[in-house]
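Below: the structure, in structure tokens.
Atoms within a ligand are numbered from 1 in the order they appear, just like the ligands themselves.
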Amino acid sequence: MAKLTPPSLPLTGGCQCGAVRYTISGAPVVFYLCHCTECQKQTSSAFGESLRVQLADFDIAGPTKVFLRPISKGGHQTCTFCDTCGTRLTHQRPGYGDKLNVKAGTLDDAAWLVPAGHIWTSSKQAHVTIRSDELAYPHQPETDVDLEAQWQAMTPNWVPTT
Ligand SMILES: [Zn+2]
Ligand SMILES: [Zn+2]
């Protein structure tokens, strides 16, 4: 299991132009990479980065625009963008409950991040290498419990606020 040195809370971040800023005041629940083709399209890159946080710990300020995106299970996810520069900042699905996923590349300091695991590896780009000690799921896992447990083991100095 990878060791990482998470920064002290709160975490801060924002969009490319700086019009939207956010603060994460509590320990993130999990961080994973998604290699699905939706995330590849959305990021125009190899994968999406999801840092799941408690809604109660998340404060966002600035001009945002919300788009709804259909999801494979039915229904939609709610995607928040900067209304000035178009940076995707978060998304949330009904199954997330009182949590949402922050697109972790928008953190002011993202250099410390190490994922607890990878989902949708069946569509990952060929150059992406996954270590044998990382959790990996070919599709959407039935539950995120194992990813969350791995993340908590990787970040022992952060106490979950659940
Ligand atoms: Zn912006
Ligand atoms: Zn995805």
Side-chain angles (χ1 to χ4, degrees), residues 2 4 10-25 28-55 57-111 113-131 133-151 154:
L4 58 81
L11 307 176
T12 57
C15 65
Q16 265 186 309
C17 79
V20 178
R21 297 288 301 161
Y22 64 77
T23 302
I24 300 166
S25 58
V29 178
V30 68
F31 173 60
Y32 62 88
L33 307 187
C34 181
H35 301 266
C36 81
T37 54
E38 282 276 317
C39 284
Q40 289 168 349
K41 291 280 191 191
Q42 192 277 314
T43 60
S44 69
S45 185
F47 47 77
E49 289 197 332
S50 282
L51 184 70
R52 190 165 303 165
V53 304
Q54 304 282 351
L55 271 175
D57 295 335
F58 186 70
D59 279 311
I60 187 166
T64 56
K65 189 172 175 77
V66 169
F67 289 88
L68 302 181
R69 180 76 195 148
I71 54 179
S72 54
K73 282 182 176 173
H76 61 264
Q77 65 179 10
T78 304
C79 308
T80 302
F81 296 77
C82 171
D83 195 29
T84 303
C85 72
T87 301
R88 167 84 159 264
L89 293 153
T90 71
H91 71 260
Q92 189 187 28
R93 295 182 176 198
Y96 294 172
D98 54 0
K99 305 177 183 71
L100 90 170
N101 281 4
V102 176
K103 309 312 285 182
T106 62
L107 288 169
D108 292 334
D109 175 12
L113 284 166
V114 178
H118 304 254
I119 69 172
W120 286 99
T121 57
S122 57
S123 52
K124 83 172 180 65
Q125 293 182 5
H127 65 88
V128 176
T129 303
I130 296 176
R131 297 192 316 271
D133 65 341
E134 293 181 289
L135 295 176
Y137 303 87
H139 304 291
Q140 191 81 33
E142 286 293 309
T143 165
D144 295 330
V145 167
D146 289 343
L147 285 166
E148 292 177 6
Q150 174 97 334
W151 176 250
M154 291 164 67

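Take the Zn ion (ligand 1) as the corner point: the lines to SG of Cys82 and to SG of Cys85 open at 110°, to the nearest 10 degrees. The Zn ion (ligand 1) forms the vertex of an angle spanning SG of Cys17 and SG of Cys15; to the nearest 10 degrees it equals 110°.
Around the Zn ion (ligand 2), the protein N, O or S atoms found under 2.8 Å comprise Cys34 SG, Cys36 SG, Cys39 SG.
In the model, Gln125 has no side-chain atom that pairs as donor or acceptor with a side-chain atom of His35 under 3.5 Å. The closest side-chain donor-acceptor pair between Thr12 and Asp108 falls under 3.5 angstrom. The closest side-chain donor-acceptor pair between Arg69 and Gln77, if any, does not fall under 3.5 angstrom.
Between Asp144 and Lys99 no salt bridge is recorded (no basic side-chain N to carboxylate O distance below 4.0 Å).
The side-chain contact (heavy atoms from CB on, under 4.5 Å) test with Cys79 is passed by exactly one of Gln92, Lys103, Arg88: Arg88. With Tyr22 as the fixed residue, the side-chain contact (heavy atoms from CB on, under 4.5 Å) test singles out one of Thr90, Val102, Asp59: Val102.
Under a cut-off of 6.0 angstrom, the local environment of CD in Gln16 is sparse, with at most 12 non-hydrogen atoms contributed by other residues, nucleotides or ligands.
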